[in-house]
Visitor: 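First the structure, which I've put down as structure tokens, then a few questions once you've had a look.
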There are 2 protein chains.
Amino acid sequence: MTEVNIKYLAAKLKLSPSTVSRALNDSYEISQPTKDRVIAMAKELNYQPNPFARSLREQKSKTIAVIIPERINNFFSQVIDGIEEITQEYGYHLLVYSTHENVETERKIVSYLLNGRVDAIVMSVSSQTKKIDHLETVYSKGVPLIFFDRICQEIPTTKFISNDYENGFKATVHLIEKGCKKIFFLMLSKEISIGRERLRGYQDALKKYGLPYEENWIVQCSQSEEANIKLIAKILYGLDRPDGILASVEKLAIATYYAARETKLEMAKDFKMVSFSNMKIAGLLKPSLTTISQPAFEIGSEMAKLLMKKLTKPNQPAFENKVIQMPSQIDFRESSN
Amino acid sequence: MTEVNIKYLAAKLKLSPSTVSRALNDSYEISQPTKDRVIAMAKELNYQPNPFARSLREQKSKTIAVIIPERINNFFSQVIDGIEEITQEYGYHLLVYSTHENVETERKIVSYLLNGRVDAIVMSVSSQTKKIDHLETVYSKGVPLIFFDRICQEIPTTKFISNDYENGFKATVHLIEKGCKKIFFLMLSKEISIGRERLRGYQDALKKYGLPYEENWIVQCSQSEEANIKLIAKILYGLDRPDGILASVEKLAIATYYAARETKLEMAKDFKMVSFSNMKIAGLLKPSLTTISQPAFEIGSEMAKLLMKKLTKPNQPAFENKVIQMPSQIDFRESSN
DNA sequence: AATTTTGATGCAAACGATTTCGGGCCAAAG
DNA sequence: CTTTGGCCCGAAATCGTTTGCATCAAAATT
């Protein structure tokens, strides 16, 4: 298929393969006239270097793996757009995997990547991830690793999140100021870091305002959209029903819309809601949704910048063990008014 | 980094590398006891074959490129989910690229993939793609190629779309039956195939019902969200304003919501709208949106099945030059009622 | 004039896997 | 007793690049 390789070029030019290679890589050892000849011929024959031969030799792939829990989610799409924006400039490629919030899938994907297929991994862990030995393996193998959003605190590397604690706090205060007394907190799973931080903010806000709260106001939802709707509907039907809801992830806010519709309760009037979400059309919903949205694109591009620095410059140290917070934005809309 | 390779295994086992390779590939030439020993040792040392060495030798990468015009779009996300569902079973990897509707980016991406980096390409062309020599190059190089949604008719390969003509027709008829007399058609670009088919359906429906239509009812929008909103708002303000709108892509429907808001017109009452869209929450908008949604996941998985058949079985013929239509679904909601 | 330096290029060995070829060995068949 | 053929295995070539080292002429130095 790809007939034209370095050897072929060399034969055509009556040079040795090594000279051709060096000329193409602009080595100082090659004279300008020769370089020009080689480059001209390469262009003419439309020579494209074989990436595998190069990767094999150089022990690097110019490829980065991005692992996300789900694809149908604006936040993750925006993050990947941000990553791509930077990596494309450097000629890096992106292998994208979705775990579908499944740990087993996550483990399998990660295991595929331990053999040098990628130069680095950027990931957001699944909501079911509890045991983290597979992530420790990645780290111990020396594969550069960055976490974002759903981070894994135990691995000593750089992590990117937004100011979740602060926003959990602010959102809760906002609901309190709007008169809510019984604010429920919807979360996907206790495992995920992000949920925990947002929860802390929520709890501290209640505490600060001297509001009591019950253990069962913290609602653990599942992966099943239907089950979540049922669960939330049941809560909205309940005697002890909330007058405020803080949804820690977008999909639970959506489920709440459907649950409200089922129970014939009117959001904003019968109960108020704020959600963490990067949905673009939050303003078009009925009622429009008050959101806390993360700087997704920037998180992606910042991660990529860090990666490119490490991968393209010599003698770079390992990623520092630190958490970088990027500020979220709150947009107040009808659902909490 | 990755110390454990075939040579190392061979040394450990006091066998030759070739025997180890054969044992791992379950060759008939190797005795069962030897195979067992090798496999046990490989597992113990957690041997992972080097993908580049293998790709170099075998001239295949077990990687597929997916090129889409934008990431922040449920349709494309679902298609990729569908592709991944199948390819993951076969151990294939997905390189995902977004062109951001930019032809130049598309050309660049495509050129990266001509050197054997991927075993096949699945793509939806950008709305700006007019000249198609870069796609012809892909085809002539023999890289298996499948188009979907935004297809390129000129390349003789298999394409997947939904029944766009039919649905353009049906949607228009629906609007007519709801009493619309002046139905405008919003499209991104004349270049994209998908828009043209939908447009044909629209035109034929008008013709069938004996409704007149003006050339300027077909509105060419751009990539800029703001510009589109302004343009649509201007149309809604106009003397000759529509009482019905058919949006050929989701983002134009969204723009119409904002335009309506700006002009203080009430969708559904002052004008009706139907849109092609795979948005999950169309039902939660205000007013809820009547949509024609494509079987995105199935389109993805069907494409992947075809690909896997070609790539994993010997002596498979090239993809047939045909268009496969998968039926869309219309969901009637408030916006057209 | 003899030697060293420099500049430009070629040779050959990697990188890690697969595979062709061929070599023993042993049992069954001629 | 020779031949055939299956079975098990190893040596070495191969895929396309990059790179340490060798080469070799011309220029510079002593």
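Worth knowing before you read on, the calculation uses all heavy atoms, side chains too, and leaves out hydrogens, waters and symmetry mates. A note on names: the letters A, B, ... follow the listed sequences, proteins ahead of strands, and every chain is numbered from 1. Remember, predicted model here, so these are calculated numbers, not experimental data.
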Visitor: Can you tell me if the side-chain N/O atoms of B:Arg22 get under 4.0 Å from OP1 or OP2 in C:dT19?
Guide: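 The answer is no; no side-chain N or O of B:Arg22 sits under 4.0 Å from OP1 or OP2.
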
Visitor: Just how far, in rounded Å, is P of D:dC15 from OH of A:Tyr8?
Guide: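 Spelled out: OH on A:Tyr8 to P on D:dC15 is 16 Å.
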
Visitor: Under 4.0 Å between a side-chain N or O of A:Ser55 and OP1 or OP2 of D:dT17?
Guide: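 So the side chain of A:Ser55 is outside the cut-off, no N or O lying under 4.0 Å from OP1 or OP2 of D:dT17.
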
Visitor: If you check every side-chain atom of B:Leu15, which of D:dT18, D:dG10, C:dA17 has the closest atom?
Guide: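 Between D:dT18, D:dG10, C:dA17, the one nearest the side chain of B:Leu15 would be D:dG10.
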
Visitor: Could you check whether B:Asp149 pairs with B:Lys159 (Lys NZ or Arg NE/NH1/NH2 to Asp/Glu carboxylate O, under 4.0 Å)?
Guide: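 No salt bridge links B:Asp149 with B:Lys159.
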
Visitor: Please state whether the phosphate of C:dG10, meaning OP1 or OP2, lies under 4.0 angstrom from any side-chain nitrogen or oxygen of A:Thr19.
Guide: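 Yes, within the criterion.
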
Visitor: Thinking salt bridges, do B:Arg150 and B:Glu101 make one under a 4.0 Å N-O criterion?
Guide: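 Yes, B:Arg150 and B:Glu101 are salt-bridged.
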
Visitor: Per the atom types in the model, does the base of D:dC7 pair as donor or acceptor with the side chain of B:Glu29 at under 3.5 Å?
Guide: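 Counting by modelled atom types and ignoring angles, no donor-acceptor contact under 3.5 Å is found here.
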
Visitor: From C:dT18, C:dT20, D:dT19, pick the nucleotide closest to the side chain of B:Asn25?
Guide: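 Nearest to the side chain of B:Asn25 among the choices is C:dT18.
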
Visitor: Can you check whether A:Val138 reaches A:Leu114 side chain to side chain, under 4.5 Å on heavy atoms?
Guide: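 Sidechains of A:Leu114 and A:Val138: in contact.
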
Visitor: Let me know the distance between CG of A:Asp26 and C1' of D:dT18, rounded to the nearest Å.
Guide: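 In whole Å, D:dT18 C1' and A:Asp26 CG are 15 Å from each other.
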
Visitor: Does B:Gln59 place a side-chain N or O at less than 4.0 Å from the phosphate oxygens OP1/OP2 of D:dG16?
Guide: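 Answer is yes, contact under 4.0 Å.
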
Visitor: C:dT18 base to B:Arg57 side chain: any donor-acceptor pair below 3.5 Å?
Guide: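 Yes, the side chain and the base share a sub-3.5 Å donor-acceptor pair.
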
Visitor: Consider the side chain of A:Asn50, meaning its heavy atoms from C-beta on, and name the nucleotide among D:dT18, D:dG16, C:dA17 that approaches it most closely.
Guide: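 Nearest nucleotide to the side chain: D:dG16.
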
Visitor: Among C:dA17, C:dT9, D:dT17, which nucleotide has an atom closest to any side-chain atom of A:Pro49?
Guide: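 Nucleotide nearest to A:Pro49's side chain: D:dT17.
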
Visitor: For B:Ser111 and A:Gln48: C-alpha separation, side-chain torsions, deciding distance, then whether side chain to side chain donor-acceptor pair (under 3.5 Å) applies.
Guide: CA-CA 9 Å; B:Ser111 76; A:Gln48 299 281 18; 5.2 Å; no

Visitor: Using a cut-off of strictly less than 4.0 Å, decide whether B:Ser18 has a side-chain nitrogen or oxygen near OP1 or OP2 of C:dT19.
Guide: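 No, outside the criterion.
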
Visitor: Within the 4.0 Å heavy-atom criterion, would you say A:Lys14 contacts the bases, only the backbone, or no part of the nucleic acid?
Guide: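 Touches sugar-phosphate only.
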
Visitor: Is there side-chain contact between B:Leu306 and B:Thr158, with at least one heavy-atom pair below 4.5 Å?
Guide: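 Side chain of B:Leu306 against side chain of B:Thr158, heavy atoms only: contact under 4.5 Å found.
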
Visitor: Are OP1 or OP2 of D:dT17 and a side-chain N or O of A:Tyr47 less than 4.0 angstrom apart?
Guide: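 Checking D:dT17 against A:Tyr47, a side-chain N or O does come within under 4.0 Å of OP1 or OP2.
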
Visitor: Measure from CD on B:Glu58 to P on C:dT19 and round the result to the nearest Å.
Guide: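 Distance check: B:Glu58 CD to C:dT19 P gives 5 Å.
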
Visitor: Between B:Ser21 and C:dA17, is there a contact of a side-chain N or O with OP1 or OP2 at under 4.0 Å?
Guide: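 The answer is no; no side-chain N or O of B:Ser21 sits under 4.0 Å from OP1 or OP2.
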
